[in-house]
Visitor: 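I have a structure here, written as structure tokens, and I will follow up with some questions on it.
Side chains are part of it too, since the values below use all heavy atoms of this structure and drop only hydrogens, waters and symmetry mates.
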Amino acid sequence: MPGRTTKLSPSDVKKIAASIRAGVPVSALAKAHGVTRPTIYRALRAFHEKEAVADAGTAAVFFTVDRDSLGAFDAFTGRLGLRSRADAFRRVCRMPAGFLEPDPDLAAALRAVAGELSAIGRNVNQLVATKNYEVRRGQQLKLTRPQQQLLSDLLEHLDGVSIAIREIEGKRASNTMRRFVSGMTEAGDEPG
């Protein structure tokens, strides 16, 4: 299309910036890349802005969330008394790296629950293997009193494990929220 310029790739812009430093005129670069002089100037300005950000030790972060999630985040940070969304996001980024890692107590509790579930599974497998053997031998599928008791005990044990999981989850959620709020309210306000 007449009048439209081609888009410059990041590598093109780096080459253009190096050429400018070497003394190549902007008009020659514009002609060589098939763009206008203002396009070259805009590309250079953006390139230098990115370099300035990199030199300052900071980086821009961009992501997308749905409106409901953003509204919930804004409400939460408002309750914490934070000045702006940007301030809140900076604080999230500055939180200690260990914030998202599970704590040792939680990991140990989850290993214990996994062990209990594994033991229940072994017991169920043994019972089913016994019943399969009996059926293959032509016997009727019938549970003996001890087998009925074992199943009953296993169901109770499963209920207990389920309760333990809910308690662990509640404790983890409470501890995580406390750590999150603490990190959000203790971080400084200055841009990083």
Side-chain angles (χ1 to χ4, degrees), residues 1-17 20 26 29-30 33-114 116-117 158-192:
M1 253 187 191
R4 286 191 83 160
T5 58
T6 59
K7 184 174 179 179
L8 297 171
S9 71
S11 64
D12 289 338
V13 175
K14 284 182 183 179
K15 289 175 189 173
I16 290 169
I20 292 289
V26 172
L29 291 170
H33 289 278
V35 296
T36 63
R37 288 177 49 220
T39 298
I40 296 287
Y41 287 123
R42 279 192 300 276
L44 286 171
R45 185 172 41 252
F47 177 79
H48 291 304
E49 286 173 358
K50 284 181 184 176
E51 277 188 337
V53 167
D55 290 344
T58 63
V61 177
F62 301 94
F63 59 94
T64 305
V65 296
D66 62 79
R67 292 182 194 277
D68 292 340
S69 297
L70 188 57
F73 182 79
D74 289 342
F76 176 72
T77 57
R79 286 193 303 273
L80 295 178
L82 300 178
R83 295 184 310 196
S84 68
R85 189 180 290 157
D87 178 40
F89 286 127
R90 276 194 291 285
R91 289 169 187 248
V92 168
C93 291
R94 281 193 219 122
M95 285 186 186
F99 170 75
L100 297 175
E101 297 172 10
D103 60 40
D105 295 335
L106 174 62
L110 290 174
R111 278 192 297 276
V113 167
E116 287 185 51
L117 289 173
L158 276 175
D159 285 342
V161 170
S162 176
I163 290 168
I165 289 171
R166 283 194 302 275
E167 288 173 354
I168 290 169
E169 185 179 50
K171 179 181 176 189
R172 182 202 53 83
S174 295
N175 287 341
T176 301
M177 182 54 93
R178 262 193 299 282
R179 288 170 49 208
F180 183 74
V181 168
S182 174
M184 292 292 284
T185 55
E186 291 174 5
D189 289 337
E190 73 285 348

Visitor: Between A88 and T77, what is the shortest heavy-atom contact and its length?
Guide: CB-CG2, 3.3 Å
Visitor: Taking all atoms of both residues into account, what is the closest heavy-atom pair of L8 and A43, and its distance?
Guide: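 Shortest heavy-atom separation between L8 and A43 comes out as CD1-CB, 3.8 Å.
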Visitor: Just so I know, are the side chains of I16 and V26 near enough to count as touching, which here means a heavy-atom distance under 4.5 Å?
Guide: no
Visitor: Which value, rounded to the nearest 0.5 Å, describes the distance between S9 atom OG and K15 atom NZ?
Guide: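 Here the rounded value is 7.0 Å.
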Visitor: With F73, which residues qualify under ring pair (Phe, Tyr, Trp, His ring centres under 6.0 Å), at least two apart?
Guide: F89
Visitor: Tell me, please, which residues at least two apart from R85 pass side-chain hydrogen bond (donor to acceptor under 3.5 Å, both in side chains).
Guide: D74
Visitor: How long is the gap from CG on L29 to OG1 on T39, to the nearest 0.5 Å?
Guide: 12.5 Å
Visitor: Name all residues meeting the side-chain hydrogen bond (donor to acceptor under 3.5 Å, both in side chains) criterion together with S84; count only those two or more places apart in sequence or in a different chain, and write none if there are none.
Guide: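 Result, side-chain hydrogen bond (donor to acceptor under 3.5 Å, both in side chains) vs S84: none returned.
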